[in-house]
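Here's the structure we're looking at; comments come further down.
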Amino acid sequence: MSYRVIQWATGSVGRAALECILDHPDLELAGCWVHSPDKHGRDAGEFIGRDALGVTATNSIDEILAIPADAVVYAPLLPQPDEVAALLRSGKNVVTPVGWFYPTGDRAEPVEQACHAGGTTLHGTGIDPGGVTEVFPLILSAMSSAVTYVRGEEFSDIRGYGAPDVVRHIMRFGADPAEAAAGPMQKLLDGGFRQSVRMIVDTLGFTVPPEIRTVHEMAVATAPIDSPIGTIDPGQVAAQRFHWEAVVGEEVVVRIGVNWLMGQQNLDPPWDLGAAGERFEIEIEGDPGTFVTIKGWQSEPGDPPDRKNPGIAATAAHCVNAIPYVCAAEPGIRTSVELPMVTGRAHPRLLNASRRAGTQG
């Protein structure tokens, strides 16, 4: 069965999602929403360096709502609940990396109502949140009994992240510590990562207070640091750590977080990425315990600017691969613990070859 899919937004994740949609054997690109007026009216293939696809991008929400489609990959920089609700009410399932991973209360109610009005499903997924910070730890927890601790964590050299405006103005690298602490980053991260912690807590059955503890730490430059956002001067923020913890008494039972460093030199405190370098880690304490290191989802400093960021590609792939499962699900918000196991698909070249071999056999 083929599903018709609209791509909403063509930033870094959106462009990667376009490629994933085109390479997925069960999906067909049906539409493309763009934010910038200069992208309106262009063929979607232009945004990813491909030949014309016959799909014209539009910045009109009404035009998108009118397109017959099964699903939307909703990937703006910041989520707008009213947009998501409108898409759901129009009969389109929505998969997104920017929220609704495990929503409750006021976050869930309006979109849940929209799902039932449109007979549609909303699913939040990605890499972190949406993968390393809850989905994959929960999968690995199946190999342990009597679990006492779960950790999912990112360790990244932020020089390889290809979004300098986000790094400077939202993450607030290069700002003084007080300005960074007052910036929007923690609030933006809280919305997703608190849901990650709650998904683990609820699924494994930990009895914890409702409050999730947030820890934000910073390191400043001790000497000028050359970076993709310009020189970071002494005293300015050059590394940040965010962690979210669920606590039983004095015992941390769930800990997820991100460690972002602008290199490993001239930092106070003198943080580094450790011998393993850039990575994602998952740890389960139970009987038996599990420790997993994931490599390959991060860009390296000095990579060519046209090299695809593997973390962004992984985020997009997780969304796109979920589409057939989401389209088959019952209406409502469906989290990763409710859907069947989501998998990728073979490269079209290999998939076609296997089908030919099957018919010839």
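Below, all heavy atoms of this structure are taken into account, side chains as well, without hydrogens, waters or symmetry copies.
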I'd like to know if the side chain of Ser90 and the backbone of Leu87 have a donor-acceptor N/O pair within less than 3.5 Å. yes
So which atom in Arg159 and which in Met262 form the shortest heavy-atom distance, rounded to 0.1 Å? CG-SD, 3.3 Å
Does His116, at its NE2 atom, have more than 12 non-hydrogen atoms belonging to other residues, nucleotides or ligands within less than 6.0 Å? yes
Taking Thr120 for the side chain and Leu88 for the main chain, is one N or O donor matched with an acceptor at less than 3.5 Å? yes
Is there a side-chain contact between Ile225 and Thr231, using heavy atoms and a 4.5 Å cut-off? no
Any side-chain heavy atom of Gln264 sitting closer than 4.5 Å to one from Trp271? no
Are Val135 and Leu189 connected, step by step, through hydrophobic side chains (Ile, Leu, Val, Met, Phe, Trp, Tyr) whose heavy atoms are closer than 4.5 Å? yes
Taking only Lys NZ, Arg NE, NH1 and NH2, and the carboxylate oxygens of Asp or Glu, determine whether Glu211 and Arg194 approach each other closer than 4.0 Å. yes
In the structure I gave you, are the side-chain heavy atoms of Val73 and Thr96 within less than 4.5 Å of one another anywhere? no
Within this structure, what is the CG-CD distance for the pair Leu122 and Glu112, rounded to the nearest 0.5 Å? 8.5 Å
Are the side chains of Val72 and Asn93 in touch, meaning some heavy atoms are under 4.5 Å apart? no
Mark yes or no for whether Arg279, through its side chain, and Gly277, through its backbone, hold a donor-acceptor pair below 3.5 Å. yes
Mind listing the closest non-hydrogen atom pair of Ser196 and Thr133 along with its distance? OG-OG1, 3.4 Å
Once the angle between the rings of Phe193 and Trp244 is folded into 0 to 90°, is it parallel (under 30°), tilted (30 to 60°) or perpendicular (over 60°)? parallel
Is it true that Asp157 and Trp260 share a donor-acceptor pair across their side chains at a distance under 3.5 Å? no
Are the side chains of Val258 and Glu153 in contact, using a 4.5 Å heavy-atom criterion? no
So, does Gln298 use its side chain to make a donor-acceptor pair with the main chain of Pro310 at under 3.5 Å? no
Could you go through the side-chain contact (heavy atoms from CB on, under 4.5 Å) check for His123 and Leu339 one step at a time? CA-CA 9 Å; His123 176 61; Leu339 292 181; 3.6 Å; yes
Evaluate side-chain contact (heavy atoms from CB on, under 4.5 Å) for Trp297 paired with Phe280, printing each intermediate quantity in order. CA-CA 8 Å; Trp297 289 349; Phe280 293 86; 3.7 Å; yes
Counting N and O atoms only, with roles assigned by atom type, does the side chain of Glu251 sit under 3.5 Å from a partner on the main chain of Val247, one being a donor and the other an acceptor? no
For Lys39, run the side chain to side chain donor-acceptor pair (under 3.5 Å) check against Thr10, Asn59, Thr58 and tell me which one passes. Thr10
Step-by-step side-chain hydrogen bond (donor to acceptor under 3.5 Å, both in side chains) determination, Asp268 to Thr222: CA-CA 6 Å; Asp268 179 27; Thr222 59; over 6 Å; no
For the backbone of Thr335 and the side chain of Glu338, can you confirm whether one donor and one acceptor N or O come within less than 3.5 Å of each other? yes
Distance under 6.0 Å and angle within 45° of the ring axis: does Arg15 meet both against Phe47? no
Taking atom types as modelled and ignoring hydrogens, do the side chains of His243 and Glu217 form a donor-acceptor contact shorter than 3.5 angstrom? no
Kindly indicate, with the supporting measurements, whether the criterion salt bridge (Lys or Arg N to Asp or Glu O under 4.0 Å) is fulfilled by Arg198 and Asp190. CA-CA 12 Å; Arg198 184 56 58 184; Asp190 276 349; over 6 Å; no
Between the side chains of Arg4 and Asp26, is the shortest nitrogen-to-carboxylate-oxygen separation below 4.0 Å, so that they form an ion pair? no
Between CZ of Phe155 and CG of Asp272, what distance do you get to the nearest 0.5 Å? 10.5 Å
Rounded to the nearest 0.5 Å, what's the gap from CZ on Arg107 to CZ on Phe101? Could you check? 10.5 Å
I need the minimum non-hydrogen distance between Thr121 and Ala329, along with the two atoms involved. OG1-O, 3.6 Å
Could you tell me whether Asp38 atom CG has more than 12 heavy atoms of other residues or ligands within 6.0 Å of it? yes
If you define the side chain from C-beta out and look only at heavy atoms, does anything of His24 sit under 4.5 Å from Pro324? yes
Distance alone, cut at 3.5 Å: any donor-acceptor contact between the side chains of Tyr102 and Glu134? no
Minimum side-chain heavy-atom gap Phe242-Val215 below 4.5 Å: no
Between atom CG of Leu29 and atom SG of Cys20, what is the distance when rounded to the nearest 0.5 Å? 12.0 Å
Between Asp176 and Gln236, is a side-chain hydrogen bond (donor to acceptor under 3.5 Å, both in side chains) present by the stated rule, with each step listed? CA-CA 5 Å; Asp176 66 68; Gln236 294 179 334; over 6 Å; no
I would like to know whether Val167 and Asp165 meet side-chain contact (heavy atoms from CB on, under 4.5 Å); could you show each step before the answer? CA-CA 5 Å; Val167 173; Asp165 287 343; over 6 Å; no
Is Asp43 reaching over with its side chain to a backbone N or O of Leu53, donor-acceptor style, under 3.5 angstrom? yes
Whether the Arg241 and His216 side chains hold a donor-acceptor pair (N or O, under 3.5 Å, no angle test) is what I'd like checked. no
Joint hydrophobic cluster, Ile212 plus Val337, side-chain heavy atoms closer than 4.5 Å: yes
Minimum heavy-atom separation for Ser60 and Glu63, please, with both atom names. OG-N, 3.1 Å
Minimal non-hydrogen separation, Leu65 against Ala86, with atom names: CD2-O, 3.6 Å
Quick one: does Ile6's side chain get under 4.5 Å of Cys32's, heavy atoms only? no
As a test of understanding, state which of Arg349, Arg50, Arg345 forms a salt bridge (charged side-chain N to carboxylate O under 4.0 Å, His left out) with Asp23. Arg50
Residues Glu83, Ile61; criterion side-chain contact (heavy atoms from CB on, under 4.5 Å); working and verdict: CA-CA 8 Å; Glu83 293 174 346; Ile61 295 178; 4.2 Å; yes
State yes or no: do Val150 and Ile127 share one hydrophobic cluster built from I, L, V, M, F, W and Y residues joined by side-chain heavy-atom distances below 4.5 Å, directly or via other members? yes
Within the distance-only criterion (no hydrogens, no angle test), does the side chain of Glu19 pair as donor or acceptor with the backbone N or O of Ala16 below 3.5 angstrom? no
Could you tell me which non-hydrogen atom of Ala276 sits nearest to which non-hydrogen atom of Lys295, and how far apart they are? O-NZ, 2.6 Å
Donor-acceptor check, side chain of Tyr74 to backbone of Pro97, threshold 3.5 angstrom: yes or no? no
Single-linkage hydrophobic cluster Val208~Val252, side-chain heavy atoms < 4.5 angstrom: no
Can you tell me how far CG of Asp202 sits from CD of Gln195, rounded to the nearest 0.5 angstrom? 11.5 Å
Hey, is the main chain of His318 close enough, under 3.5 Å, to the side chain of Thr125 for a donor-acceptor pair? no
Quick check: is Ile200 connected to Tyr149 through a chain of hydrophobic side chains (ILVMFWY, heavy atoms under 4.5 Å apart)? no
If you count heavy atoms of other groups shown closer than 6.0 angstrom to CZ of Arg168, is the number above 12? yes
Straight-line distance of Asn309 CG to Ser12 OG, nearest 0.5 Å: 7.5 Å
